[in-house]
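Just so we're clear, the structure is a prediction, and the values are computed from it rather than from any experiment. Keep in mind that the numbers below use all heavy atoms, side chains included, and drop hydrogens, waters and symmetry copies.
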Amino acid sequence: MTPERIGKLLDESEPETRRLAAQQIPSVHGEEAAALLLRALGDSDWRVRKEATAVAASIEKRDAVLGALRTALDDKVNLGLRNAAVEAMIAIGSDALPVALGALDTLDEDGRKLAIEALAGMPDLRGTVALSRALGDADSNVRVASAEALGRAAEAGEEARTIAIDALLALLACDDTMLKLSALDSLTRLEAKLSWRTVEPFATDPILKRYALSAAAASREVDAIRALANAVGDASPIVAREAVIALGEAVLADPDDANVVETASATMRPSLRAHETIRSMAEREENPHARGAAIAALGLLRDPDDVPVLVDALSDPELADRAEVALRVFGEEALQPLMEAGRTAAPNVRGATLSLVPVLSPPEDETEVLAVMREALRDPSTDVLLAAMRVFGRTGAASDLRDVARLALHPDARVADAAVTALHELAARHEGEARALLGELDASGTEAVLGCIVIDALARKTQVDGGDVAFLQGALSNGDPRARRHAVEALATVAAGGGAYGQGDARAADAVSFALADEEPEVVLAAVRALGRLHRAEPLVALLDASRDPATVAAALRAIADADRERALHVALPLVRSADSGVASAAVEALGSLTGPARDDALFAALEHTDSEVVKLALSELGRATSARSLTRIGLALDHAARDVRRLAAELLGHDASTSAHALLRARLDREKDVSVRVAIAAALSARSRGGGEEMR
């Protein structure tokens, strides 16, 4: 579409027509594009302005666009234009930073506030330095805006975060209440660890109190926690609510911190107002985050009457983990009311309450815990049985082994799998009972799977004998695929070192190879994984020659990599060129676990595949650990025919902080025609990644 045609459409009376015209501005390749953008940004309709901000980053003549945006910031008549210009600068990213920095030095106070808004939206170390200087601006509104903007400095990296924290801390000595308020709020957002000594002077100020308490919450100092706990009973609902949230977050961050838990509990328990505030928030708060914090804080009050509220929260997926923390900090006193409330609750809640029984019970009450769990074994609910299995695995007695074994044959796969894990743990702890059970089983019978599990558990702990190996070999012909799979896994354990002399058993390893011919995929995959553990590559290579099932190919390649990394590279290279995209993708995934130039060469070959999904997978694997060679090949993918491949290449290059990655992106930006890819490249160019530690201040 020509510039003239777009210009006429921007003059139409219908806003939707003008919006669609703004959408076409990136198709203009000359200087006219910037002028058209300026018109669209200043449109009277917000939808047109929004469209213009979205396409700003995709216009080729970047210098002209930035010049137009600088002009827009200085417009004192059209406020919509000025605000839209800020959004466009944010969309463009780091290339627009010089414009914002220049505006901060030259415009009036309203223009400087807009420049600060732009700098906040594109976090950068240079912007953080400029915002720190702006804290001394002659205009109080500019100073406050700068303090608020510095709350996002962490997005520019740890150095920027440190600069911002230091600058904001210095503000706390000023006389401007609003400036101190903004500084405290930003320090909280920066997760600055402030000492109670730093914020205590503001904790009695009616305006600053809530912000001071929030800023101090991360310190975990006893005095700070005590102040938060006292504030829960504050007459101001706003202060009390913020204190509950901060206290709940402190408990959720480390429920095992006895100083936090006991200080908060001892301070709040005598306060009826504190109890009413927390209980009300836990039951009626609409904000999920605030309600979750209140749920966590409710456990600190240790009132048995609150347990039903916590049990109800266990049934809510968004609150269940908070309720579990609350019950943990509640302690042993919650056990009886928890079990009473759990008996009449929904099955999933009963399961959750059972999971908490071992946590809340004192060690000397293990017998009572097991009695509760044995009762749970008669419950028809899957959730209850799953919870019971987790407990039996850790604390079950020898007498429980047979009941748990029975559930390993349960028709619900989740219950059966949990019971298998529990049976394995019980057999390893109670060898005599496990051997007695094994003596009653037939390798060809319906309960053969139990024998395979028991032998595997014994083989991991002690030595097994020829009779055990014979049982497993017999189970390989069992009609139940589960029995055959567990037989393979147990044979692998025996072959790896659990034989009659503790040296491994060759017969067991040969039997595992035999299972590669099984008709059930789950048995074949178990044999594949086992042969990888046993470092037997030859049978796996033979399997690759005969199979073209992607799942089998992927598993075999991973197993070969475990057995012989060089061999894995050799067999994977031809497979990345396979016409079957599933097989090629499996080969690429397997190569991802390897390292070295040969691995990169094989992935380079995958970049030539005709299926863009294979190419994207290879790019992702190369992007995990880039070298100069792989960076160059990723850069070449910026010219790929598929736009989603080009987008991924841009994202991967954006994660690399090198000059060469930046140069590859800049070179492609001027040639890229697709709007979505241009946006991805622009985002990659503005990406920053830094990390670091924290200090108590």
Side-chain angles (χ1 to χ4, degrees), residues 66 69-70 72-76 79 82-194 198-199 201-202 205 207-208 210-212 214-215 686 688 690 694-695 697:
L66 294 175
L69 295 177
R70 174 62 179 81
L73 287 179
D74 206 17
D75 190 306
K76 296 179 175 59
L79 297 181
R82 298 178 86 178
N83 291 328
V86 170
E87 290 189 36
M89 291 167 64
I90 292 172
I92 290 172
S94 60
D95 281 355
L97 192 69
V99 175
L101 293 173
L104 190 59
D105 289 336
T106 59
L107 296 185
D108 62 10
E109 57 271 17
D110 290 332
R112 296 200 297 278
K113 283 184 64 180
L114 289 170
I116 288 168
E117 186 179 338
L119 290 171
M122 44 184 174
D124 183 279
L125 179 60
R126 293 165 293 173
T128 301
V129 172
L131 289 170
S132 298
R133 289 200 303 268
L135 293 174
D137 194 277
D139 185 84
S140 61
N141 291 328
V142 173
R143 295 195 297 272
V144 170
S146 299
E148 293 173 352
L150 285 170
R152 295 186 59 181
E155 297 173 40
E158 186 60 25
E159 184 178 356
R161 176 177 175 273
T162 300
I163 290 172
I165 289 174
D166 289 341
L168 292 166
L169 282 171
L171 284 183
L172 298 181
C174 74
D175 296 326
D176 187 331
T177 298
M178 292 307 297
L179 193 54
K180 286 190 286 191
L181 185 152
S182 298
L184 287 168
D185 186 45
S186 287
L187 286 165
T188 300
R189 286 186 285 132
L190 290 170
E191 298 181 355
K193 287 193 173 180
L194 305 182
T198 300
V199 297
F202 314 115
D205 187 299
I207 297 175
L208 299 177
R210 58 180 289 213
Y211 299 95
S214 294
S686 63
R688 297 287 187 271
R690 298 185 180 94
E694 294 183 335
E695 292 181 0
R697 296 168 184 274

If every non-hydrogen atom of [X] is compared with every non-hydrogen atom of [Y], which pair is closest and at what distance?
{"X": "Ser146", "Y": "Leu131", "value": "CB-O, 3.7 Å"}
{"X": "Leu135", "Y": "Arg143", "value": "O-CD, 3.1 Å"}
{"X": "Ile207", "Y": "Asp205", "value": "N-OD1, 2.8 Å"}
{"X": "Met89", "Y": "Met122", "value": "O-SD, 3.8 Å"}
{"X": "Ala149", "Y": "Ala120", "value": "CB-CB, 3.6 Å"}
{"X": "Arg82", "Y": "Leu114", "value": "NE-CD1, 3.4 Å"}

Side chains of [X] and [Y], heavy atoms from C-beta outward: is any pair under 4.5 Å?
{"X": "Leu73", "Y": "Val86", "result": "yes"}
{"X": "Asp185", "Y": "Glu148", "result": "no"}
{"X": "Leu172", "Y": "Phe202", "result": "yes"}
{"X": "Leu119", "Y": "Leu101", "result": "yes"}
{"X": "Ile163", "Y": "Leu150", "result": "no"}
{"X": "Thr162", "Y": "Ile165", "result": "no"}

Using atom types as modelled and distance alone, determine if a side-chain donor or acceptor of [X] lies under 3.5 Å from a backbone N or O of [Y].
{"X": "Arg112", "Y": "Leu107", "value": "yes"}
{"X": "Arg161", "Y": "Leu190", "value": "yes"}
{"X": "Arg70", "Y": "Ala100", "value": "no"}

Expected list for residues 175-184: side-chain donor-acceptor pairs under 3.5 angstrom, two or more places apart:
| residue | atom | partner | partner atom | Å |
| --- | --- | --- | --- | --- |
| Asp176 | OD1 | Met178 | N | 3.0 |
| Asp176 | OD1 | Leu179 | N | 3.2 |
| Ser182 | OG | Met178 | O | 3.1 |

With distance as the sole criterion, is a donor-acceptor pair present between the side chains of Thr128 and Arg152 under 3.5 Å?
no
